[in-house]
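Nothing fancy with the numbering, it's 1 onward along the sequence. Both backbone and side-chain heavy atoms feed into the values below; hydrogens, waters and symmetry mates do not.
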Amino acid sequence: LYLIYLLWLSLLIFKERDMAEHLWKPCAKREKQQVTQVFGLILVFPAREPMHSTVDLVAMKRRIKSDFIGNFERKSMKIEPLSQSHALEIANDWHYEAPYDFYDMKNDLEDYEEMISPEARGDRYYQVMRDGELYGFFCLEQKGERTLELGLGMKPVHCGKGQGAAFLQGILDFIMEKFAPRVIILSVADFNHRAQQLYLNMGFEVVRRIPQESNGDIHLFVEMEKNT
């Protein structure tokens, strides 16, 4: 009975030590064998596999920070009909760095003339304001029952700074609240992999690649859609 008690006590000690080791060092490497000495008896136990954390704390922290910043940016955005003064600013003063200068309004006469004309724009264009300043714009066009085509642009100074997801999400939230379409479609230049990846991350899927007239020539575009 005394020997059984010693064995039970040693097992209890080992269990508590192992639990503590897991709590404080969840990813620490273990020895191949655990050796415990109790009242002069040397007991050897088989090694246990290290317990690995299933949560990447660094990635989680980064994601939480990104979500917080994104939510803050969306809440600070205000969407309203595009004013004539801002339309002229977009058409004449927005210049993107190559190769994204493809999107400069003056490079496509048809787009330029539509942007500067209130009659041509109609009620399809919206401006996105942030902190009282023009942040971006977008336009919507009906394409069949409960399907909207989206075109959008962010002010050049804000491009390439990781703000695209919050900008797009704010626009999508507005569209869903005001129009509730079943499908949202858009087209993006084939070379613009940065925008394509953003749209994929936001739930859009590639439908097809089609040649399309733009900027006085034929260019390849990627058509994408999102089922809401």
Side-chain angles (χ1 to χ4, degrees), residues 70 73-97 99-108 110-117 120-131 133-143 147-181 183-207 210 212 214-215 219 221-228:
E73 288 179 344
R74 288 201 301 275
K75 288 179 181 179
S76 66
M77 287 167 44
K78 181 180 179 182
I79 294 174
E80 54 195 18
L82 180 63
S83 68
Q84 180 64 11
S85 61
H86 284 149
L88 293 174
E89 176 186 334
I90 293 166
N92 297 314
D93 301 333
W94 282 20
H95 302 292
Y96 297 92
E97 294 182 359
Y100 303 105
D101 55 349
F102 177 85
Y103 294 104
D104 287 8
M105 285 291 171
K106 287 187 175 181
N107 287 334
D108 190 304
E110 184 178 348
D111 288 346
Y112 178 82
E113 290 180 346
E114 179 172 293
M115 178 60 74
I116 64 174
S117 169
R121 291 196 314 270
D123 59 356
R124 298 177 295 111
Y125 280 75
Y126 297 85
Q127 61 191 24
V128 181
M129 307 293 292
R130 194 178 76 170
D131 299 327
E133 299 289 335
L134 182 62
Y135 187 51
F137 78 95
F138 64 96
C139 61
L140 299 171
E141 188 167 342
Q142 192 78 33
K143 293 288 185 178
T147 298
L148 286 177
E149 182 175 19
L150 170 65
L152 69 161
M154 179 185 283
K155 194 170 184 176
V157 69
H158 299 298
C159 292
K161 298 181 179 179
Q163 302 175 23
F167 174 68
L168 177 56
Q169 189 61 60
I171 293 172
L172 295 177
D173 290 345
F174 173 85
I175 292 172
M176 292 306 301
E177 181 179 345
K178 189 173 179 65
F179 303 103
V183 180
I184 299 173
I185 62 176
L186 54 78
S187 295
V188 55
D190 186 64
F191 75 85
N192 193 350
H193 302 295
R194 183 172 69 184
Q196 291 175 44
Q197 187 59 56
L198 170 64
Y199 299 144
L200 289 171
N201 292 343
M202 300 295 286
F204 285 83
E205 297 180 349
V206 174
V207 177
I210 54 172
Q212 185 173 315
S214 181
N215 294 22
H219 300 273
F221 282 79
V222 180
E223 187 177 298
M224 308 180 76
E225 71 174 25
K226 177 182 176 69
N227 293 305
T228 60

Side chain Arg121, main chain Met115, donor-acceptor under 3.5 Å: yes
Gap separating the CD1 atom of Ile210 from the CD atom of Glu223, nearest 0.5 angstrom: 5.0 Å
Exceeds 12 heavy-atom contacts within 6.0 angstrom, atom CD of Glu97: no
Test item: Tyr126 and Leu140 side chains (from C-beta on) under 4.5 Å apart, heavy atoms: yes
Minimum heavy-atom distance between Ile116 and Gln84, given as atom pair plus value: O-NE2, 3.0 Å
Derivation of the side chain to side chain contact (heavy atoms under 4.5 Å, CB included) call for Arg130 and Gln163: CA-CA 12 Å; Arg130 194 178 76 170; Gln163 302 175 23; 3.8 Å; yes
Rounded distance [0.5 Å steps], CZ in Phe204 versus CG in Asn227: 10.0 Å
Met202 vs Leu198 side-chain heavy atoms within contact, under 4.5 Å: yes
Heavy-atom pair with the smallest gap, counting every atom of Met77 and Ile171: CE-N, 4.5 Å
Phe179 and Phe174 aromatic ring geometry - parallel, tilted or perpendicular at 30°/60° bounds: perpendicular
Closest non-hydrogen atom pair between Ile79 and Gly170, with its separation: CD1-O, 3.8 Å
Test log, rule side chain to side chain contact (heavy atoms under 4.5 Å, CB included), inputs Cys159 and Tyr100: CA-CA 10 Å; Cys159 292; Tyr100 303 105; over 6 Å; no
Leu82 CG to Leu134 CG distance, which is reported to the nearest 0.5 Å: 7.5 Å
Phe102 and His219 aromatic ring geometry - parallel, tilted or perpendicular at 30°/60° bounds: perpendicular
Return a table of donor-acceptor pairs under 3.5 angstrom between the side chains of residues 184-194 and protein atoms on other chains or two or more places apart.
unit_1: Asp190; atom_1: OD1; unit_2: Arg209; atom_2: NE; d: 3.0
unit_1: Asn192; atom_1: OD1; unit_2: Ala195; atom_2: N; d: 3.1
unit_1: Asn192; atom_1: ND2; unit_2: Tyr103; atom_2: OH; d: 3.1

Over all atoms of both residues, closest heavy-atom pair of Asn215 and Asp108: N-OD2, 2.8 Å
Side-chain (Asp101) to main-chain (His95) donor-acceptor, under 3.5 angstrom: no
Crowding at CD, Gln212 (>12 non-hydrogen neighbours, <6.0 Å): yes
Straight-line distance of Phe137 CZ to Leu152 CG, nearest 0.5 Å: 7.5 Å
N-O pairing of Glu149 and Arg124 below 4.0 Å: no
Polar side chain donor-acceptor pair, Asn92 to Tyr112, under 3.5 angstrom: yes
Evaluation steps, side chain to side chain contact (heavy atoms under 4.5 Å, CB included), between Lys155 and Tyr135: CA-CA 6 Å; Lys155 194 170 184 176; Tyr135 187 51; 5.6 Å; no
Test item: Leu200 and Met224 side chains (from C-beta on) under 4.5 Å apart, heavy atoms: yes
Point-to-point distance, once rounded to the nearest 0.5 Å, from CD1 of Ile90 to NE2 of His86: 8.0 Å
Non-hydrogen side-chain atoms of Leu148 and Gln142 separated by less than 4.5 Å: yes
From NZ (Lys226) to CD1 (Ile175), nearest 0.5 Å: 10.5 Å
Ring pair (Phe, Tyr, Trp, His ring centres under 6.0 Å) assessment of His158 paired with Phe167: CA-CA 10 Å; His158 299 298; Phe167 174 68; 9.1 Å; no
